[in-house]
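First the structure, in the form of structure tokens, and then the observations on it.
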Amino acid sequence: MSDRFELRRVVAPTLMLLVMAGCGGGDGGGTSGGGEGGAAVENPVDAATAGNIAGSIAFEGDAPSMAVINMASESVCEDKHTSPRMIEEVVVNSNGTLANVFVYVKEGLESLQFPTPGAVLLDQNGCVYLPHVLGVMAGQDITIKNSDGLLHNINASPTEQRGFNTSQPVAMETTRSFGTPEVMVPLRCDVHGWMNAYVGVLDHPYHSVSNGSGAFDLSTLPPGDYVIEAWHERYGTQTQNVTVTTGETAEVTFTFRASMAQNAVVPLGTAIDFHAIAEAS
Amino acid sequence: MSTTTATETHAGTAEHHELGFIRKYIFSTDHKMIARQFLFSALMFLLLGGLLAVMVRWQLGFPGRPLPAFIRWIFPDTMAPGGIILPEFYNSLVTMHATFMVFFALMPLMAGVFGNLLIPLQIGAEDMAFPRINMASFWIMPVAGFIMLASFFVEGGAAGAGWTSYAPLSSSGEWTGVYMGQILWLVSLIVLGFSSILGALNYVTTVINMRAPGMTWFRIPLGTWSLFITAWLLLLAIPILTGGLILLLFDQTIGTAFFRPEGSGEPLLWQHIFWFFGHPEVYILILPAMGFVSEVIACRSRKPIFGYHSMVIALVSIAFLSWVVWGHHMFQSGMNPLLGMTFVVTTVVIAVPSAIKVFNWIGTLWRGDIHFDAPLLHAVAFVSLFIIGGLSGMFMAAAPVDIYIHDTYFIVAHLHYVLVGGSLFGIFAGIIFWYPKMFGRMMNEGLGKVHFFLSFLFYNMAFFPMHNLGVQGMMRRIYDPNQYEFLQGLQPLNTFISISIFLFAFTQIIFAFNFLWSLRYGKVAGSNPWKSNTLLWTTPSPPPHGNFPEMPTVYRGPYEYSHPDVEEDFWPQNVPPAKSEAGGQTAAAPTPEPVPGD
Amino acid sequence: MNFFWRTGMVLAGMLTVVIVLWVITDPSWLDLSWVMPDNVVSTFGPTLDNLWLVILWVTGIIFFATEIVLLVFMVKYRHREGRKAEYIHGNNKAEVVWTAIPFVIVMGLAFYSKGIWDEIRDPSRIPTDAYPINMIATQFEWNATYAGADGQFDTGDDFISLNALHIPVDRPVVVQLMAQDVIHSFFLPEFRVKQDAVPGMITPVWFEATQTGEFTMACAELCGLGHYTMGGTVIVHSQADFQDWLAEQQAAAGDD
């Protein structure tokens, strides 16, 4: 009687569902894998005429003491450290310089388009992010690696773009990127509240993070006038004007001191340290 | 038999010609076609909900093991990289499994399918009171379903805050990483609510106004009674849900703070609103099945329902009481403990009418003439599994004990015993029993029995041990219980349960095959293959547009089986009494037809 | 008889399937236990377990009675040629009896529960000498916060014990539950303690440990992707050891 039509009415929805499933899922936050940028862009910088900026970040005054991270509840990570780890909010090197300062070209490169570099590694090892501060280009892949084999999540809360909150329950790698320049995007792990990192996203590759000697460098820049900025998570930002000439390296020093703490903007999602709040009030 | 003739019993559409394909099968106002539409859609969603559950159990049975290669490709890296289900995707699976099952499978099956099929036919009406509203009520569902399905494909994935969507987890994507998905979940359910409200309006109006002459309230079959009561619950409960969903949507999108504490909102308010809807909702999910079970048990035991009046009163009592028990979902929520105690009392009391119904079903079987066909088997399974589900509820009703078992697998066991052991088996009974009326053919009895026994076996193997998981303290919605040392020993039992679930899922292929195959090749059914009494079985299978060529008149209740004065063991409601003459001439009954299962 | 053979074969088949799968997956028989685990370590834990047992007995008897009757009826009243069902509409007396008896049973259960519930939950019955600890639940850590040497909370010498709740034995403890982001639930299975931690609320939950040792602390309310790892330890010290631990922590906190 009406049987033929009944069968048809089953087949169509089934096919529809299968097609929808086959079309694959949507992407997670940020973008997963595959740097954007489409067509290959040529590097516009002529190495023969380029110059450099290099320098260091000085720290004046007494280094504030950092709290020790209590990893007792995560023995796998605790066992990986031979000595107790400190919170990395302020890392003053033995030579009186400041590490983990993000230095980048803020103005001067507007007209140029740069190719997107390959992936950069952000490792979670011993329940700490390595490195604590890193710089990428918009669209550049960040390979986030879980070297601990236990649950970490990477919760990115940028303000200029959609963030993401993705987990890694086992040792694995996940690739993400940020599409919009933003200084700085905070990352945190919610499973281990002491874990946090910062990502600086730029539309060019001229960025550097001050190292264990407080040194940074921005090399192979086209000659011209630039404004460079140094960012620190507690002490805020400073800028300087620098002129780059062919074949020369311009030396720049930034100085931070403990009293600059009020300049820092506390990013969204920072774990609240009751101890610190109580101390400040 | 789809041509209509112009008679005075015609439904108001004033059609005097053959309906085109679109008007007959797509945008139909005929309640029987709408019932079929609901049936096919709901069964698709039941399949989807089941697949989601299979994935949940894959993770629990084999934690961290990648999905098998043949399905791994479906899932992108944001859900299951390399086939390993991510914790946030697991939370979405759990959420969406329950969402699809409750809202898109069970509710449409209960109210949409059987409300539409049974009510006009059992009360002697030609169609629903508002056929076009009925059509709208169906078509809202695929729209809502599409929105819900779409939520899997947006950035951040599908909602992952549980089907209960507790705030503040659900009020901001900041806590789950799910932004659009949660919004779509809310929008979908807001839309879907209208389907229920419009349907319920129809059912209530139809039952009150369109009963055939002689169909007094206490001659209405229990199938219709249960759907009538359910319709009242829907009418009153769904708007509350819709209101709550809208408030939550505002919190997510326009910065209000109904439930967000940082804006002086109150997370517990969400729970109150949700469960004030949620508890009547669970009775919406089971009362119709109780109605089907009553019909099937009475018919297949050839015996009147034991205590028909009590059964009606029990249905009404359950419906009334369902409004004052919601706090038992919130005993541990931080709600005022004194308030908790009042809910203990109301919750234990609501067990009583349910118990009455169970005793009455057993009483119906007592001294009956029980035919073990597939509908009866499923109906008796409903009773036995509902007993388990109801008794496990007693543990939770005692608030101190609930301290331990709240949010453990004991609750999961309980809810699946009532919703699957209860509602789903009741739905199977109803589908098999009323299939001949819907499609003009019988489902295959042998396959029906195989499906029943395997389902019953695997179902209990899967869900009975969940009580024990709960007693050992295993929490709900847990991606990997092995993270807790005190639960590590439970992994083998979890694997046992998972494999049982897979087998249960596979068994449903038999039902699907039987259903589809019988559409074409099932034995042609006459108008009353089960020898039942209700007006529904006096019509051809399937009934024509308008159902009854002549308005029937009702002379007796629906459960006059094995009446001593009647030679046949059934006595349809519309057969005039022939006892006016001395000598007790047998009352006329339709020609007996072969009954499956004998 | 054909019926019994068929039924017997079906049942035997079902039993075989269960046994085979059980052997393959090899769970422990203990896991099938219907009584509460016997490692209860709080003062009101056993009372709760007793209530469980009472309910287990009552529901167990009802379960076996109804299911067996159901089975017996299925067999006894199955269709056979020449049999007709009895035309019985019901029995009002039976309805009254099986309404009244369940009602009495369930009300008895409710009232039995009340005493225990009040003891555990009534805020006015929290022992006044209970040792206070603030517990701040976040995604996905338990921050057990102790008053410093000054004995006051919200002062500079407070210290946090991450995912580790240290308490003394044989002394009531009151945990003030707070949540920073979403609803979590403070679950101590061996103590029979569970209470939701709701953001915007401070909810007290009290208990008293009866044994020293290390026990489980878990989150029992879905709180996001890390819900399943939001576990911790309850460390019950002897009273003397607890004072030592406190002093040690307070000294360290005071130094910072």
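The chains referred to below are lettered A, B, ... by the order of the sequence lines, with proteins before strands, and numbering in each begins at 1. Keep in mind that this is a model prediction, so the values were computed, not measured.
Here the two rings, on B:F372 and C:F3, have centers that are under 6.0 Å apart. The aromatic ring centres of B:F395 and C:W57 sit 6.0 Å or more apart.
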Can you check side-chain contact (heavy atoms from CB on, under 4.5 Å) on B:Q271 and C:I183, steps first, answer last?
CA-CA 11 Å; B:Q271 292 184 39; C:I183 299 179; 3.3 Å; yes
B:D369 and C:R78: side-chain contact (heavy atoms from CB on, under 4.5 Å), yes or no, with the steps?
CA-CA 6 Å; B:D369 176 32; C:R78 68 192 185 280; over 6 Å; no
side-chain contact (heavy atoms from CB on, under 4.5 Å) between B:Q332 and C:R121, intermediate numbers included
CA-CA 10 Å; B:Q332 321 308 334; C:R121 282 282 191 255; 2.3 Å; yes
Run C:T66 and B:F359 through side-chain contact (heavy atoms from CB on, under 4.5 Å) and show every step you take.
CA-CA 8 Å; C:T66 48; B:F359 297 138; 4.0 Å; yes
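Pairing each heavy atom of B:G160 with each of C:L222, the nearest pair is O-CD2, 3.8 Å. B:F496 approaches C:P27 most closely through the heavy-atom pair CB-CG, 4.4 Å. Summarising the geometry of C:D196 relative to B:S333, their closest heavy-atom pair is OD2-CA, 3.4 Å, with the distance given to 0.1 Å. Of all the heavy atoms in B:G368 and C:R83, the pair that sits closest is O-NH2, 2.8 Å. Nearest heavy-atom pair, B:T408 versus C:K194, reported as atom, atom and distance to 0.1 Å: CG2-NZ, 4.1 Å. The minimum heavy-atom distance linking C:P199 with B:P267 is given by the pair O-CG, 3.5 Å.
Most heavy-atom pairs under 4.5 Å with chain B: of the set C:S28, C:C223, C:G90, C:G45, this distinction falls to C:G90. With chain B as the partner, the residue from C:I120, C:L70, C:T203 showing the most heavy-atom pairs under 4.5 Å is C:L70. Per-residue heavy-atom pair counts under 4.5 Å with chain B were compared for C:Q195, C:E86, C:M107, and the maximum is reached by C:E86. Between chain B and the residues C:C219, C:A197, C:P123, the most heavy-atom pairs under 4.5 angstrom are made by C:C219.
Heavy atoms closer than 4.5 Å to chain C are found nowhere in B:A397, neither backbone nor side chain. For C:M201, the part lying near chain B is the side chain, with the backbone staying farther off; criterion is any non-hydrogen pair under 4.5 Å. Contacts of C:N91 with chain B are made by both backbone and side-chain atoms, with heavy-atom separations under 4.5 Å. Both the backbone and the side chain of B:M341 come within less than 4.5 Å of a heavy atom of chain C. Looking at B:F458, only its side chain comes within 4.5 Å of chain C, counting heavy atoms on both sides. Within the 4.5 angstrom heavy-atom criterion, atoms from both the backbone and the side chain of B:R477 approach chain C. Neither the backbone nor the side chain of C:F215 comes within less than 4.5 Å of any heavy atom of chain B. Proximity to chain C (any heavy atom under 4.5 Å) is restricted, for B:A161, to the backbone atoms N, CA, C and O. Both the backbone and the side chain of C:V18 come within less than 4.5 Å of a heavy atom of chain B. Of the atoms belonging to C:S33, heavy atoms from both backbone and side chain fall under 4.5 Å from chain B. With a 4.5 angstrom heavy-atom cutoff, B:F410 touches chain C only via side-chain atoms. Contact of B:E266 with chain C is made through the side chain alone, with heavy-atom distances under 4.5 Å. Of the atoms belonging to C:L109, it is side-chain heavy atoms, and not backbone ones, that fall under 4.5 Å from chain B. Contacts of B:Y484 with chain C are made by side-chain atoms alone, with heavy-atom separations under 4.5 Å and no backbone atom involved. Neither the backbone nor the side chain of C:V205 comes within contact range of chain B, judged by heavy atoms closer than 4.5 Å. B:D480 touches chain C through backbone and side chain together, each having a heavy atom under 4.5 Å away. Of the atoms belonging to B:N360, heavy atoms from both backbone and side chain fall under 4.5 Å from chain C. In this structure, chain C has heavy atoms under 4.5 Å from both the backbone and the side chain of B:T495. Both the backbone and the side chain of B:I405 come within less than 4.5 Å of a heavy atom in chain C. Using a 4.5 Å cut-off between heavy atoms, B:S500 contacts chain C through both its backbone and its side chain. Looking at C:L56, both its backbone and its side chain come within 4.5 Å of chain B, counting heavy atoms on both sides. Using a 4.5 Å cut-off between heavy atoms, C:V193 touches chain B through its backbone atoms (N, CA, C, O) alone. If you measure heavy-atom distances from C:D31 to chain B, the contacts under 4.5 Å come from both the backbone and the side chain.
Within the 4.5 Å cutoff, side-chain heavy atoms of B:H467 are placed close to those of C:W34. Residues C:L225 and B:T176 form no side-chain contact, since every pair of their non-hydrogen atoms from C-beta on lies 4.5 Å or further apart. Taking the side chain as every heavy atom from C-beta outward, B:E262 and C:D181 never approach each other to under 4.5 Å. Side chains of C:K84 and B:R302 form no contact here, defined as non-hydrogen atoms less than 4.5 Å apart. A 4.5 Å side-chain heavy-atom check between C:F103 and B:V349 finds at least one atom pair inside the cut-off. Looking at heavy atoms from C-beta onward, B:R367 lies out of side-chain contact with C:Y87 at the 4.5 angstrom threshold. In this structure, B:Y166 and C:E221 have side chains that are in contact, with non-hydrogen atoms separated by less than 4.5 Å. A 4.5 Å side-chain heavy-atom check between B:W366 and C:I88 finds at least one atom pair inside the cut-off.
The closest donor-acceptor contact from the side chain of B:W175 to the backbone of C:V182 lies at 3.5 Å or more, if one exists at all. Side chain of B:K303 to main chain of C:A85: no donor-acceptor pair is present (N/O by atom type, distance under 3.5 Å, no hydrogens or angles). Under a 3.5 Å cut-off, the side chain of C:E95 and the backbone N or O of B:S310 do not form any donor-acceptor pair. With hydrogens and angles disregarded, a donor-acceptor distance shorter than 3.5 Å links the side chain of B:N91 to the backbone of C:G224.
The closest side-chain donor-acceptor pair between B:E560 and C:H89 falls under 3.5 angstrom. A donor-acceptor pair shorter than 3.5 Å cannot be found between the side chains of C:T229 and B:Q483.
When the shell of 6.0 Å around CG of C:L71 is examined, it contains more than 12 heavy atoms from other residues, nucleotides or ligands. Within a 6.0 Å sphere centred on CG of C:N92, heavy atoms belonging to other residues, nucleotides or ligands number 12 at most.
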